[in-house]
Chemist: 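Below: one structure in structure tokens.
Atoms considered below: every heavy atom in the structure, side chains included; atoms not considered: hydrogens, waters and symmetry mates.
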Amino acid sequence: MHSQKSRTFGAAFVLLQGLVTALLPQISVKMIKNMIGKNFDNASQLEAKPAYLRQLRALGVGMVAAAGTDLLLQSRDQN
């Protein structure tokens, strides 16, 4: 039972992260810049190209689809 709750929580987290990435890709870009900035100089000067933002949005949509499908299958298994 505990693993089922963990699986549901994980899927909900991925769904939420996918929504944020799909709708607000600039937040993901900021997070990536912060992570890169810890190991490289001048990372804050990097600018995301429009193609990269489209790729982030597509990744977010994929995350939403995968997590949503998982949640739907979980609810079906419980019945």
Chemist: Quick one: does Val29's side chain get under 4.5 Å of Lys33's, heavy atoms only?
Modeler: yes
Chemist: Taking all heavy atoms of Ala67 and all of Ala11, pick out the closest pair and write down the distance.
Modeler: CB-O, 3.2 Å
Chemist: Can you measure from OH (Tyr52) to CD1 (Ile32) and round to the nearest 0.5 angstrom?
Modeler: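 Tyr52 atom OH to Ile32 atom CD1 measures 3.0 Å (nearest 0.5 Å).
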Chemist: Treating Ile, Leu, Val, Met, Phe, Trp and Tyr as nodes and any side-chain heavy-atom pair under 4.5 angstrom as an edge, say whether Leu19 and Leu56 lie in one connected cluster.
Modeler: no
Chemist: With respect to Ser28, which candidate in Val20, Leu53, Thr21, Leu59 satisfies the side-chain contact (heavy atoms from CB on, under 4.5 Å) definition?
Modeler: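 In the set Val20, Leu53, Thr21, Leu59, the residue that makes a side-chain contact (heavy atoms from CB on, under 4.5 Å) with Ser28 is Thr21.
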Chemist: Restricting to non-hydrogen atoms, name the atom on Ala65 and the atom on Thr69 that form the minimum distance, rounded to 0.1 Å.
Modeler: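 Distance-wise, the nearest heavy atoms are O-OG1, 2.7 Å.
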Chemist: Check for me, please, whether Phe13 and Leu23 land in the same ILVMFWY cluster - side-chain distances under 4.5 Å, paths through other members count.
Modeler: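 No, it is not one cluster - the side chains of Phe13 and Leu23 are not joined through contacts under 4.5 Å.
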Chemist: From Asn42 CG over to Ile36 CD1, what is the distance, rounded to the nearest 0.5 angstrom?
Modeler: 12.5 Å
